[in-house]
Every structure is written in structure tokens, then in C-alpha cells.
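For ligands, and for the atoms within them, numbers begin at 1 and follow the listed sequence. Note that the structure is predicted; figures quoted are calculated from it, not measured.
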Amino acid sequence: MAELLSDTEVDEALRSLPHWQRAGDSITRTVKCPTFPAAIALVDRVAVAAESRDHHPDIDIRWRTLTFICATHFKGGITELDVSLAREIDRLAAED
Ligand SMILES: C[C@H](O)[C@H](O)[C@H]1CNC2=NC(N)=NC(=O)C2=N1
């Protein structure tokens, strides 16, 4: 079962997630896509990955700019599930 990460553990995880930053009880990154359809295509890839792991980011879509926000809602904070999802989002975003 996912346990809340300590502040130190979050900081350590973010060292290997340079695109991400902490925002209170979540981690967040922005992705600038070349076009709006490319942004929606990335959202779709992330949606498939999130559904497969039953762990979903909040996603803000503003034209070509996507903001992903990861937190473990049932725990009220950041867990390894969020760190793992962030890594997957980075991998999918790098495909563009
Ligand atoms: C029932 C279902 O497994 C839960 O609601 C899942 C769905 N996706 C989720 N995603 C995130 N980010 N946090 C959760 O607590 C969560 N819970």
C-alpha cells in the first residue's frame, strides 16, 4: 500500500525528476507541446498509462501548455505512486 513520503524522500525523488517541482501536497510539471492536437495526443497517452496503473494526474490544458499535478488523493499527499507516474509522464512527453 502506498505510504506518504517524507519531505526528505520527496526532495530526493525530485532530484531525479528535474522537470517537476513540489506544490504543497502534490508534485507538478508543465509540458509545452508544438500544437494543440499534440497536447491532446499526449494527454491521451498519459490517460492510458494512468488508467493502467489506476493512478491519475490532474491535468490542466491551456492551448499547447499542459500542467500535470500528481498527488495520492486517498492519502492526502505524495506517495511513490506519484513519483512513478511522474517518471512515466516524462517518458511519454519525451516521445514528442
Ligand atoms: C477506486 C480507485 O482505485 C481510486 O479512486 C483511485 C483512482 N485514481 C487515483 N488517482 C490518484 N491520483 N489518487 C487516488 O487516490 C486515486 N484513487
For this session: Look at atom 5 (O) of ligand 1 and say whether a protein heavy atom is found at less than 4.0 angstrom from it.
Result: no

Exercise. Does the protein put a heavy atom under 4.0 Å from atom 11 (C) of ligand 1?
Worked result: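 Yes, because at least one protein heavy atom sits under 4.0 Å from atom 11 (C) of ligand 1.
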
For this session: May I ask you to list the atoms of ligand 1 that are less than 4.0 angstrom from any heavy atom of A71?
Result: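 Answer for ligand 1: 11 (C), 12 (N), 13 (N).
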
4.5 Å side-chain heavy-atom contact, [X] and [Y]:
X   : Y   : value
L4  : D25 : no
R53 : L81 : no
D60 : I69 : no

Exercise. So, is D82 polar-close to ligand 1, with some N/O to N/O distance under 3.5 Å?
Worked result: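 No - when backbone and side-chain N and O of D82 are compared with those of ligand 1, no distance drops under 3.5 Å.
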
Problem set entry | Close N or O approach (D54, ligand 1; < 3.5 Å) |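 N/O-N/O distance below 3.5 Å exists for this pair.
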
For this session: Can you measure from CG (L14) to CD1 (I78) and round to the nearest 0.5 angstrom?
Result: 7.0 Å

For this session: Supply the atom-to-atom distance F68 CZ to D58 CG, rounded to the nearest 0.5 angstrom.
Result: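 Interatomic distance, F68 CZ to D58 CG, rounded to 0.5 Å: 11.0 Å.
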
Exercise. In terms of residue, atom name and distance, what is the protein heavy atom nearest to atom 8 (N) of ligand 1?
Worked result: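 I find the closest protein heavy atom is H56 ND1, 2.8 Å.
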
Exercise. Nearest to atom 17 (N) of ligand 1, what protein heavy atom do you find, and at what distance?
Worked result: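 Scanning the protein heavy atoms, the shortest distance from atom 17 (N) of ligand 1 goes to F74 CD2, 4.4 Å.
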
Exercise. Hey, are T67 and R62 close enough side-chain-wise for a donor-acceptor pair under 3.5 Å?
Worked result: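 No, T67 and R62 have no side-chain donor paired with an acceptor closer than 3.5 Å.
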
Exercise. Who's closest to atom 13 (N) of ligand 1 heavy-atom-wise, of K75, E51, H73?
Worked result: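 Heavy atom nearest to atom 13 (N) of ligand 1 belongs to H73.
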
